[in-house]
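The structure under discussion appears below in the form of structure tokens.
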Amino acid sequence: MNIILFLIIGLAAGWLAGKIMKGKGFGLVGNLVVGCVGALLGGYLFDAVGLSAHGLIGSLIAALAGALIILWLLSKLRK
């Protein structure tokens, strides 16, 4: 059950990140994949700086932060 929730949060974060970073996304499917990877990155970064992301909203915020960072980095690498 946890993996399904993780994927749903990652997909939502990828979609939101694609909407926030207009013109810097990779299409719907690409942004959804970035969201899942961003969920891992966001969780790691939140732990590294001592922040805790509990519950659905906290997990979504951490995943969104990770997805935004990945989209930003990938847009810089594209140039």
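Computed from a predicted structure; not experimentally measured. Side chains are part of it too, since the values below use all heavy atoms of this structure and drop only hydrogens, waters and symmetry mates.
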### Query
Residues in side chain to side chain contact (heavy atoms under 4.5 Å, CB included) with Leu11, at least two apart?
Leu32, Cys36

### Task
Find out if a path of hydrophobic residues (ILVMFWY) with successive side-chain heavy-atom gaps under 4.5 Å connects Leu16 to Leu74.
yes

### Query
CG/Leu71 to CD1/Ile20 distance, rounded to the nearest 0.5 angstrom?
9.5 Å

### Same apolar cluster (I L V M F W Y, side chains within < 4.5 Å links), Val37/Leu68
yes

### Query
Same hydrophobic cluster for Leu51 and Leu40, using side-chain heavy-atom links shorter than 4.5 Å among ILVMFWY?
no

#### Entry: Which atom of Ala17 lies closest to which atom of Ala67, heavy atoms considered
CB-CB, 3.8 Å

### Task
Starting at CG of Leu64, measure out to CD1 of Ile57 and round the result to the nearest 0.5 Å.
11.0 Å

### Query
Any chain of hydrophobic side-chain contacts (each under 4.5 Å) joining Ile3 to Ile8?
yes

### Message
Please say yes or no: joined through hydrophobic side-chain contacts below 4.5 Å, possibly via intermediate residues, are Val33 and Leu7 part of one cluster?
### Response
no

### All side chain to side chain contact (heavy atoms under 4.5 Å, CB included) counterparts of Ala62, not counting sequence neighbours
Phe46, Ala53

### Contacts of type side chain to side chain contact (heavy atoms under 4.5 Å, CB included), residue Leu56, not counting sequence neighbours
Leu5, Ile9

### Message
Going by side chain to side chain contact (heavy atoms under 4.5 Å, CB included), name the residues that satisfy it together with Leu41, two or more places apart in sequence or in a different chain.
### Response
Leu45, Ile69, Ile70

